[in-house]
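Notes for the one structure printed next.
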Amino acid sequence: MAFADENWVEVEKSPLLITDDGKTKKISYMSYKDRRQTWNFRFSFFGSQPELSDYTLSTTTFLPSLKSESVGLEGLVSISYNFGIFSSGLDFGLMHTSFDRDVSVFQPKASIHIIVDALFENPYAVPYFKIGASQMTFSNPGSSDIPELKSNLATFFAFGGMFSLDWFQKSLAMEAYFEHGLDATFLVIEYETFGGIPLEVDALPDIKQSSLKLGLQLVF
């Protein structure tokens with residue numbers, strides 16, 4: 001806090017907001033919407049237990065449903081261009097999980113996202129949508145007929161909500177911004193579904209996959 005008649009010089013855009021009531025100047029942290037830059041980098045980390053449908057374990061064994069036996073881990077790197085009230089950009093990620101019957105899946109993916117993160121001054125709740133593609137490898141070492149299945153390009157869509165964690169500790173959020181450039185931290189809930197995953201073996205039916213994810217996103 002400083003006296004109002006002191007001289008202030010701002011040499012570059014600052015995330016601090018200076019207000020003057022005639023007697024004193026008050027310094028506060030700018031809202032997310034006001035300090036938002038043209039570009040953002042996002043790093044997301046998810047845990048999920050996806051479910052496979054119509055999986056062919058072998059040429060004689062067809063499973064209508066195959067559930068994950070452990071938490072699948074996924075990491076995403078995203079770049080966003082910020083418009084007036086929303087952001088749009090690209091995601092690149094990798095997911096791996098294991099199912100019962102010794103089936104595991106390795107899943108690189110790419111997607112396009114739309115995030116409505118500047119509808120309000122501070123994004124306490126943010127809806128988003130994305131659509132993308134993946135080429136997967138299903139491993140099944142216990143099967144002598146089909147130990148490994150690879151897919152052709154499969155498309156998916158996902159939607160969810162992000163919930164700001166910064167309001168829990170505003171001083172810590174401000175410190176993270178100045179020291180590390182961290183704009184926001186979000187808790188993320190997402191539902192993702194593949195309508196059909198075509199396999200390289202034409203004789204086998206398409207696989208379906210869906211999952212509910214819980215994760216954390218860091219915005220820089």
Side-chain angles (χ1 to χ4, degrees), residues 40-55 57 63-80 87 89-117 123-142 148-151 153-169 172-173 176 180 182-197 207-220:
N40 277 127
F41 289 95
R42 302 171 183 270
F43 299 89
S44 305
F45 309 92
F46 287 100
S48 65
Q49 286 189 293
E51 182 175 354
L52 291 178
S53 301
D54 302 340
Y55 184 80
L57 186 64
L63 299 176
S65 179
L66 199 62
K67 294 186 177 181
S68 176
E69 64 177 9
S70 62
V71 175
L73 299 178
E74 179 177 348
L76 286 174
V77 178
S78 310
I79 182 170
S80 299
S87 302
L90 300 173
D91 313 294
F92 301 94
L94 188 64
M95 191 272 280
H96 178 268
T97 192
S98 297
F99 297 85
D100 53 12
R101 306 292 187 98
D102 295 324
V103 176
S104 65
V105 60
F106 181 76
Q107 212 176 77
K109 57 176 61 175
S111 58
I112 299 171
H113 65 252
I114 295 177
I115 304 172
V116 188
D117 61 344
Y124 295 115
V126 176
Y128 71 93
F129 171 84
K130 58 186 173 184
I131 185 169
S134 176
Q135 190 171 27
M136 308 172 207
T137 301
F138 299 91
S139 299
N140 183 207
E148 184 176 273
L149 284 173
K150 290 188 177 181
S151 78
L153 203 62
T155 58
F156 68 90
F157 72 89
F159 60 90
M162 304 194 301
F163 304 92
S164 174
L165 299 178
D166 295 337
W167 63 275
F168 283 107
Q169 275 287 346
L172 186 61
H180 307 291
L182 180 63
D183 254 345
T185 304
F186 291 103
L187 174 71
V188 187
I189 300 175
E190 178 182 304
Y191 178 76
E192 177 189 84
T193 182
F194 288 79
I197 303 170
I207 297 173
K208 297 177 182 178
Q209 179 180 302
S210 60
S211 58
L212 183 64
K213 304 177 183 179
L214 181 66
L216 187 71
Q217 184 176 104
L218 307 177
V219 183
F220 291 87

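Two residues are said to be in side-chain contact when any heavy atoms from C-beta on lie closer than 4.5 Å; F186 and F163 fail this criterion. Contact of the T137 side chain with the E148 side chain is registered, since non-hydrogen atoms from C-beta on lie closer than 4.5 Å. Taking the side chain as every heavy atom from C-beta outward, T185 and V219 never approach each other to under 4.5 Å. Put simply, the side chain of F129 does not reach to within 4.5 Å of the side chain of I115, judged on heavy atoms. Y191 is listed as a side-chain neighbour of S210, based on a closest heavy-atom distance under 4.5 Å.
Listed for the N40 side chain is a donor-acceptor partner under 3.5 Å among the backbone atoms of F220.
Residues forming a side-chain hydrogen bond (donor to acceptor under 3.5 Å, both in side chains) with S68 (at least two apart in sequence, or on another chain): T97. Contacts of F41 classified as ring pair (Phe, Tyr, Trp, His ring centres under 6.0 Å), with partners at least two apart in sequence or in another chain: none. For F92, the ring pair (Phe, Tyr, Trp, His ring centres under 6.0 Å) criterion is met by no residue, not counting sequence neighbours. Remark: L214 engages L187, I189 in a side-chain contact (heavy atoms from CB on, under 4.5 Å) (not counting sequence neighbours). With sequence neighbours excluded, the residues forming a side-chain contact (heavy atoms from CB on, under 4.5 Å) with S44 are F46, L76, Q217, listed by chain and number. Annotation: side-chain hydrogen bond (donor to acceptor under 3.5 Å, both in side chains) contacts of S78 (sequence neighbours excluded): D91. Every residue two or more places apart in sequence or in another chain was checked for a ring pair (Phe, Tyr, Trp, His ring centres under 6.0 Å) with Y128, and none qualifies. Take S48 and apply the side-chain hydrogen bond (donor to acceptor under 3.5 Å, both in side chains) test, not counting sequence neighbours, and it matches no residue. Contacts of F194 classified as ring pair (Phe, Tyr, Trp, His ring centres under 6.0 Å), with partners at least two apart in sequence or in another chain: F156. With sequence neighbours left out, the side-chain hydrogen bond (donor to acceptor under 3.5 Å, both in side chains) criterion links Q49 to no other residue.
Evaluation of the salt bridge (charged side-chain N to carboxylate O under 4.0 Å, His left out) test over residues 123-132, restricted to residues two or more places apart or in two chains, returns K130-E190. Within the structure, salt bridge (charged side-chain N to carboxylate O under 4.0 Å, His left out) pairs that include any residue of residues 103-113 comprise E74-K109, K109-E192 (at least two apart or interchain).
Rounded to the nearest 0.5 Å, atoms CG (D54) and CD (Q209) are 12.5 Å apart. Atom-to-atom distance recorded for S139:OG and L149:CG is 9.0 Å, nearest 0.5 angstrom.
The 12-atom threshold is not exceeded at CD1 of I112, counting heavy atoms of other residues, nucleotides or ligands nearer than 6.0 Å.
By the 4.0 Å N-to-carboxylate-O rule, R42 lies close enough to D117 to be salt-bridged with it.
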